[in-house]
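Input: a single structure, listed below in structure tokens.
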Number of protein chains: 2
Amino acid sequence: MSEQTMTIREMCDAFDVTPRTLRFYEAKELLSPIRAGQKRHYTRRDRGRLKLILRGKRFGFSLEEIRQLLDLYDIDDQQQTQISRTLDLARNRLDSMRQQRDELDAAIAELTDQIALGEGVLAGKTTQTA
Amino acid sequence: MSEQTMTIREMCDAFDVTPRTLRFYEAKELLSPIRAGQKRHYTRRDRGRLKLILRGKRFGFSLEEIRQLLDLYDIDDQQQTQISRTLDLARNRLDSMRQQRDELDAAIAELTDQIALGEGVLAGKTTQTA
DNA sequence: AGCGAAGTTGACGTGCACGTCACCGTAACG
DNA sequence: CGTTACGGTGACGTGCACGTCAACTTCGCT
């Protein structure tokens with residue numbers, strides 16, 4: 001139970017994506033499954049990366065941005081010279097994620113208020129709080 | 001200082017968007033500036049909506065999703081029958097925003113760890129913590 | 001050997017969110 | 001009165017992230 005690789009279909013079922021999507025990500029160099037002849041075999045590393053890709057997408061990052069971030073998780077393989085650049089990129093990304101979270105918190109609070117307001121209207125009260 | 005309306009250019013400068021974008025949003029019925037002859041005049045309401053639109057975009061919502069959410073902030077103008085539907089939509093959206101925030105928190109934590117790891121590598125330590 | 005299911009590579013199509021360009025109106029300025 | 005600036009309306013173009021379809025291999029059976 002060490003070289004647990006998955007076929008493209010197993011990947012699709014596991015992550016709810018289409019084969020087209022996986023091949024597309026590979027073309028964009030986000031994934032690099034092993035080839036057994038022609039067939040693709042996805043390793044644990046590929047699964048980890050895909051998970052990060054899908055998460056990144058939910059946060060509104062482009063595939064290109066995600067590609068650059070993914071390098072951080074493979075930092076062992078990298079040249080020293082590259083690492084510093086990647087770290088800068090990651091720190092920037094981290095900043096914008098923190099900002100995004102703060103904004104998100106604010107938006108959640110606002111929306112919560114608006115819903116309460118709407119529920120009030122439904123309950124027959126007027127908009128005037130007094 | 002009550003009917004503070006803005007021209008399209010003032011809007012563009014204030015929100016850092018192009019005229020094309022504002023006209024596009026209008027075509028999609030996200031904005032509805034007053035017309036003085038042909039010219040558009042953006043009211044306080046338009047500015048509020050645009051702010052919400054841009055925020056929504058940063059969270060990865062589509063313009064169509066945003067359009068439906070915007071209705072919640074104009075709930076006074078609506079039919080009772082519509083309000084309930086809009087509220088449901090808003091509650092769903094709120095749920096997914098909360099989920100998104102939790103995920104974002106997790107991602108921030110992970111990325112923070114990875115950065116620390118990378119910094120360790122730069123400092124000359126090996127990946128092996130022991 | 002034959003067959004179907006699964007996988008592969010192009011190549012073209014699609015929806016979204018605008019960008020770009022050509023052309024028109026009009027209001028202001030020298 | 002010409003022209004420059006700002007704004008308007010189509011209409012077509014573009015980048016991204018895939019969807020769709022045709023035309024193969026390649027297994028794994030029977």
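Throughout, protein chains are lettered first and strands after them, A, B, ... in sequence-line order, and every chain is numbered starting at 1. No hydrogens, no waters, no symmetry mates; every other heavy atom, side chains included, goes into these values.
- Comparing C:dG7, D:dG7, D:dT9 by their nearest atom to the side chain of B:Arg35 picks out D:dT9.
- Toward the 5' end of DNA chain D, the nearer of the two residues A:Thr21 and A:Ala36, judged by each one's closest nucleotide, is A:Thr21.
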Derivation of the salt bridge (charged side-chain N to carboxylate O under 4.0 Å, His left out) call for B:Arg98 and B:Asp102:
CA-CA 6 Å; B:Arg98 288 203 174 111; B:Asp102 292 349; over 6 Å; no
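- Nucleic acid contact for B:Arg23: base, since at least one base atom lies under 4.0 Å from a heavy atom of the residue.
- Once rounded to the nearest 0.5 Å, the distance linking CZ of B:Arg93 with CG of A:Leu111 reads 9.5 Å.
- In this structure, B:Leu30 places its CG atom 13 Å from C1' of C:dC18, rounding to the nearest Å.
- Between A:Arg40 and A:Ile34, every side-chain heavy-atom pair lies at or beyond the 4.5 Å cut-off.
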What nitrogen or oxygen pairs link the protein and nucleotides 20-28 of chain C at under 3.5 Å?
residue: C:dT20; atom: O4; partner: B:Arg20; partner atom: NE; Å: 3.3

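- In terms of phosphate contacts, A:Thr18 brings a side-chain nitrogen or oxygen within less than 4.0 Å of OP1 or OP2 of D:dG19.
- The OH atom of B:Tyr25 lies 11.0 Å from the CG atom of B:Leu70; values are rounded to the nearest 0.5 Å.
- Side chains of B:Arg9 and B:Pro19 form a contact here, defined as non-hydrogen atoms less than 4.5 Å apart.
- Salt bridge annotation for A:Lys57-A:Glu65: absent, with no cationic side-chain nitrogen under 4.0 angstrom from a carboxylate oxygen.
- Atom CD of A:Glu119 sits about 5.0 Å away from atom CZ of B:Arg91, to the nearest 0.5 Å.
- Computed from coordinates, the A:Glu10 CD to C:dA5 C1' distance equals 15 Å when rounded to whole Å.
- Not one side-chain nitrogen or oxygen of A:Arg40 sits closer than 4.0 Å to the OP1 or OP2 atom of C:dA6.
- At whole-Å resolution of the value, NE2 in B:His41 and P in D:dC6 are 16 Å apart.
- Per the geometry, CD1 belonging to B:Ile8 stands 9 Å off C1' belonging to D:dG8, to the nearest Å.
- Rounded to a whole Å, the CE atom of A:Met11 is 12 Å from the P atom of C:dT8.
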Report each atom pair, protein N/O against N/O of nucleotides 14-17 of chain D, whose distance is under 3.5 angstrom.
residue: D:dA17; atom: OP1; partner: A:Leu63; partner atom: N; Å: 3.0
residue: D:dA17; atom: O3'; partner: A:Lys57; partner atom: NZ; Å: 3.4

Verify salt bridge (charged side-chain N to carboxylate O under 4.0 Å, His left out) between A:Lys28 and A:Glu64, making sure each step is shown before the conclusion.
CA-CA 8 Å; A:Lys28 291 298 179 76; A:Glu64 175 54 25; over 6 Å; no
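- Side-chain atoms of A:Thr7 lie closest to C:dG7 of the nucleotides D:dT9, C:dG7, D:dC18.
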Yes or no on salt bridge (charged side-chain N to carboxylate O under 4.0 Å, His left out) for B:Arg58 and A:Glu103, after CA distance, side-chain angles and deciding distance?
CA-CA 9 Å; B:Arg58 280 195 297 281; A:Glu103 262 191 89; 2.5 Å; yes
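- A:Leu22 places its CG atom 14 Å from the C1' atom of C:dA6, with the value rounded to the nearest Å.
- Residue A:Arg9 has a polar side-chain atom (N or O) positioned under 4.0 Å from OP1 or OP2 of C:dG7.
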